[in-house]
Amino acid sequence: MTAATTLADEPIPPAPTGFLRRHVFSTDHKVIGRQFLFLGLTFLAVGGIMAMLIRWQLARPGAPVPLVGKLFFASAGGVISPPAYTALFTMHGTIMIFFAVTPIVIGGFGNFLLPLLIGARDMAFPRLNMASFWTLAVATGLLCASFFVPLGPPQAGWTAYATLSTALGTPGAGQTLWVIAIYLNGASSVMGAVNYITTVLRLRAPGMSWLRLPLTVWGLFLTSILNALFVPVLGAAMVLLLFDRLFGTQFFVAGTTPGAGGDPILYQHLFWLFGHPEVYILILPAWGIIGDLLSFFARKPAFGYRVTVGALIGVVVLSSVVYGHHMFTTGLSPLLGESFMVLTMIISVPTSLLVLNWLGTLWRGAIRFNTPMLFCLGMVFTFGVGGLTGLYLADVVADIYLHDTYFVVGHFHLIMAAALLLSLFAATYFWYPKMFGRMLNERLGKLHFWLTFVPLNLVFIGQLIIGAQGMQRRLYDPSVYEAWRPLAGLNRGISHAAYLLGAAQLLFVWNFFMSLWRGRPAPPNPWEVGTLEWSVPSPPPHHNFDTIPVVVRGPHEMANPAAKPLGRDWLSQTELVEEPPR
Amino acid sequence: MTTDALGARREADAAVGLLVFLGATAMLFAALLLAYAVLRAQAPHWPPAGTPPLPRGLAGANTLLLAGASAALWRARRASPRGWRAAAGVLAAGFLIGQVVLWRHLAAVGLGARGQLPGQVFLALSALHALHVAAGLLVLLVSRRLRLVSLYWDFVLAVWVVLYVAVCWL
């Protein structure tokens, strides 16, 4: 008996009844997905407010912060002090990467979508899934606790480079709590990865072959593989750092006599061995989502599906051998530096294929400009700009000049903040009806898109320009330096665009919560697409599928002539129809 | 579907999950060993001059205890699960106690956390390994899936043997 045949007659688990089991300690992937989503969105707001405060200091160095200044920075009279500024950008980066984007994209959408998209009733290990969320919740609690300990929150940057992050550079419990929080965050990710990989390997519905998987599933599956392999490397760095901080070991502290102590650069190797794959861990699901959504809204099959899948796999393989490009200025051997440079540039081959296929999908499509599609198109643009600026940073010679400038900040924000954020919004507008059973307001959504897309590009492209002039990142007060004084106007302009960007998100918050109780009730398949999640009611019942579906075709059957007799332009993945002769 | 078939499928799911988890754990220890290799490659002498020798004998005795636990679980899979399972638990607990004795000895001879680098390496690696053994002990007490528990213990033993040889003998 094969796995596929036994899967179909899996018994339906009874739905839990108590409040706690249904909404708090639930093992239902849909509830856990929403928990991750809410946690992530909350911290997206927290990290965003921190970004606004950083921008305030850069626009008006040393001026007291209006409205909230007295509340947050009372001891300095409402002014952001240098240590507070350092803590702000440390926590902004940490929160955005580990506690906002990761929970939203992988924990939130990953959890909610994976079983639904492959035709399963739940994850392979529902209790492990619950444990994954609550481990993250504990990690989040520890990170927040670091604000309230003596000597304050961590200040070693989101990368926590040694020796700055050791007890010598940043004494106090705040940084120690950070280390533990990151370790637990990683543990949560690995639990998720174990679950996702097993689920995709074992629980695909009958007929759901690898090349019939929606690209979203490919993205999540490959991300999980990277998570399982490389998050533990960060774990190793955190363990050694914790030993250095708590027990006085010297793994990352150079000794007083040569050869007697450890090596600060070792930390960077471990960190980026994880850190570079991490970039792809975050963007792979977004790539998958964009690949699916572009096809759905262009009303055409995804162009070059197999090439896209191959490109995603290619990126996964390459992602583990390029990390040295973060370390060109550490005294890396030139031979090694050049190797990393070439490998990094090779990664632009699969990523270019991805973009090419997206454009191919759009070409001569009957495009529907719904809100999710606008965000997808925005993502394609910002990903293009962000990706192209990466080429400069991959080049050793250019990077030595650009390293640690705002050019780097602009580059990775265009990918991590702009492209990822836009795909995350695209996903939210697209799947919100399935998650909550209501439609989001389209008019507000479109307004939200334009008020996000335009300032977002102004902010990050502005940072590229400032960085190309040489202004360093993590600078408390650029006005102190003669060279950066002419940039004051540009810095202020970037900040104003950032405030607009921040304010525009209130539209999204309003839309999100108002639609929860006032939104138009969502039909089962509002976007008219054929993937499995749209074949069940919105929101889906506890067990997802009354009978496990039998899949007969791929996920992007748009504009299929066989659908014409049915009076529509799409076919469901489970639909058997008479195919006209080709 | 019969309960048997369902159980068999769940067991296979769990096996896949465990393999992924072991892969992740292997990466954790591989990264630690990489760190050890880098530190060692950069030192002019290894062990640094004046470092007392690592206690190969005591650590070796602990290795035998852990190997015993693993072997007992192999026996438990074939016959009289309960007795052999208990034996494995006792041997594993013995290993953990042995490790604590070892760490105290190391600290006493200047190979503790604030001592020479080889001692620091041994301490960090063996401490993290001991946590995995402790977790395994917990699983051993509660899990019904003896085959998978035994696989986990073989893995923990393999990691330990690599650590022991790499740090104490090479």
Side-chain angles (χ1 to χ4, degrees), chain A residues 1 3 5-11 123-125 128 186-187 189-191 193-203 224-225 227-237 239-240 242-244 246-252 254-255 257-263 265-267 269-270 273-274, chain B residues 1-51 103 107 112-117 119-125 127-129 131:
Chain A
M1 196 163 19
T5 52
T6 58
L7 202 62
D9 33 46
E10 169 104 12
M123 288 285 185
F125 311 114
L128 182 69
S189 284
V190 171
M191 290 181 202
V194 167
N195 223 339
Y196 292 17
I197 293 174
T198 311
T199 304
V200 174
L201 286 178
R202 301 274 310 160
L203 299 187
S224 304
I225 293 176
N227 252 335
L229 289 178
F230 291 104
V231 168
V233 179
L234 178 71
V239 167
L240 296 180
L242 196 66
F243 265 78
D244 275 6
L246 289 183
F247 307 122
T249 54
Q250 295 197 316
F251 295 115
F252 300 135
T257 52
D263 178 8
I265 302 292
L266 171 62
Y267 177 85
H269 280 289
L270 290 176
L273 200 55
F274 147 81
Chain B
M1 181 163 51
T2 62
T3 357
D4 272 3
L6 187 65
R9 233 199 56 224
R10 289 276 150 80
E11 172 111 2
D13 289 351
V16 172
L18 181 62
L19 285 175
V20 178
F21 174 72
L22 293 185
T25 315
M27 281 300 284
L28 176 68
F29 284 101
L32 289 169
L33 284 168
L34 174 79
Y36 162 55
V38 170
L39 290 175
R40 185 169 167 157
Q42 290 185 343
H45 302 287
W46 194 272
T51 309
W103 293 329
R114 290 174 194 277
Q116 298 274 6
L117 208 47
Q120 298 182 8
V121 169
F122 182 82
L123 184 67
L125 268 61
L128 200 64
H129 175 263
L131 283 179

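Please read all numbers here as calculations on a predicted model, not as lab measurements. Sequence lines set the chain letters: A, B, ... in the order given, protein chains first and strands last, and positions in each chain run from 1.
Across all their heavy atoms, B:Val20 and A:Ala228 have their closest contact at CG1-CB, 4.1 Å. Nearest heavy atoms, B:Ala124 versus A:Phe251: CB-CZ, 3.7 Å. Looking at every heavy atom in both residues, B:Ala35 comes nearest to A:Leu270 through CB-CD1, 4.2 Å.
Note on B:Leu19, B:Leu39, B:Leu18: by heavy-atom pairs under 4.5 Å with chain A, the leading option is B:Leu39. The residue among A:Ala124, A:Ala193, A:Gly248, A:Ser224 with the most heavy atom pairs within less than 4.5 Å of chain B is A:Gly248. Listed options B:Ala12, B:Ala49, B:Ala8 were ranked by heavy-atom pairs under 4.5 angstrom with chain A; first place goes to B:Ala12.
Using a 4.5 Å cut-off between heavy atoms, A:Leu201 touches chain B through its side chain atoms alone. Looking at A:Phe274, neither its backbone nor its side chain comes within 4.5 Å of chain B, counting heavy atoms on both sides. Residue contact with chain B, scored on non-hydrogen atoms closer than 4.5 Å, involves the side chain of A:Phe243 exclusively. When heavy atoms are compared at a cutoff of 4.5 Å, A:Leu128 does not approach chain B at all. Using a 4.5 Å cut-off between heavy atoms, A:Val190 touches chain B through its side chain atoms alone. A:Val233 touches chain B through backbone and side chain together, each having a heavy atom under 4.5 Å away. Only the side chain of B:Val38 comes within less than 4.5 Å of a heavy atom of chain A; its backbone N, CA, C and O stay farther away.
In this structure, B:Arg9 and A:Leu203 have side chains that are in contact, with non-hydrogen atoms separated by less than 4.5 Å.
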Enumerate, atom names and distances included, each donor-acceptor pair closer than 3.5 Å involving a side-chain atom of residues 24-34 of chain B, sequence neighbours excluded.
unit_1  : atom_1 : unit_2  : atom_2 : d
B:Thr25 : OG1    : B:Phe21 : O      : 2.8

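B:Gln42 pairs in a side chain to side chain contact (heavy atoms under 4.5 Å, CB included) with only one of the listed residues (A:Leu266, A:Asp263, A:Ile265), which is A:Asp263.
For B:Asp13, the salt bridge (charged side-chain N to carboxylate O under 4.0 Å, His left out) partners are A:Arg202, not counting sequence neighbours.
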